[in-house]
Structure formats: C-alpha cells, structure tokens
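Here, residue 1 is the first one in the sequence, and each next residue gets the next number. Keep in mind the model is a prediction, meaning the values are calculated, not measured.
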Amino acid sequence: MNVVRKIYENLPAVILIPDHLKNRRVEVILLPLDEEESDKPQTSKTANPADKFIGAWQGEPLVRPEQGSYEEREALE
C-alpha cells in the first residue's frame with residue numbers, strides 16, 4: 001500500500017495528487033493541526049468528568065450472577 005502523508009504549513013488552494021493515486025478510490029482527510037479558540041469545546045475546568053455520561057449508573061456496583069452451563073448442541077453435518 002502506498003500511503004502519502006504531507007503536512008502543509010500553508011495549505012494551497014489546489015493540492016497536487018501523486019500519479020500513482022490518480023483515478024483510484026482513496027480517502028482524503030483534512031485535519032487542521034492548529035485549533036482556533038472558537039473550534040475548541042467550551043468546558044469548565046471544575047466540571048466532573050462523570051457528568052459527560054448522562055444516564056450513567058450511580059448506585060451500588062453491579063455484579064453479574066453466575067451464568068450456569070450452556071446447552072449441548074448437536075454437531076452440524
């Protein structure tokens with residue numbers, strides 16, 4: 001597999017595609033490496049990480065009961 005990874009310091013308006021990737025099925029991901037302040041999620045530093053899990057169990061720890069033995073099945077022919 002020929003993978004091309006290139007980091008641009010200043011992204012051009014047009015990106016040149018290598019000849020060996022032209023007319024092929026490819027995935028292109030543009031991922032900015034410098035986040036702007038408006039792109040960052042607004043989080044409180046005092047927020048409890050557990051608050052992210054809405055509907056999370058808050059009672060006593062759950063214990064899985066013994067499952068017993070499984071049934072014997074006939075072999076496929």
N/O donor-acceptor pairs under 3.5 Å from side chains in residues 13-25, not counting sequence neighbours:
from: Asp19; atom 1: OD1; to: Lys22; atom 2: NZ; distance (Å): 3.3
from: Arg24; atom 1: NH1; to: His20; atom 2: O; distance (Å): 3.1

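In this structure, Leu62 places its CG atom where more than 12 heavy-atom neighbours from other residues, nucleotides or ligands lie under 6.0 Å away. Annotation: Glu9, atom CD; neighbour count of heavy atoms from other residues, nucleotides and ligands within 6.0 Å does not exceed 12.
Looking only at distances, no side-chain donor or acceptor of Glu77 sits under 3.5 Å from a matching main-chain atom of Ala75.
Using a 4.5 Å cut-off between side-chain heavy atoms of Ile, Leu, Val, Met, Phe, Trp and Tyr, Tyr70 forms no hydrophobic cluster with any other residue.
Annotation: salt bridge (charged side-chain N to carboxylate O under 4.0 Å, His left out) contacts of Arg64 (sequence neighbours excluded): none.
Expressed to the nearest 0.5 Å, how far NZ of Lys6 lies from CG of Leu11 amounts to 11.0 Å. With values rounded to the nearest 0.5 angstrom, Leu33 atom CG is found 12.5 Å from Tyr8 atom OH.
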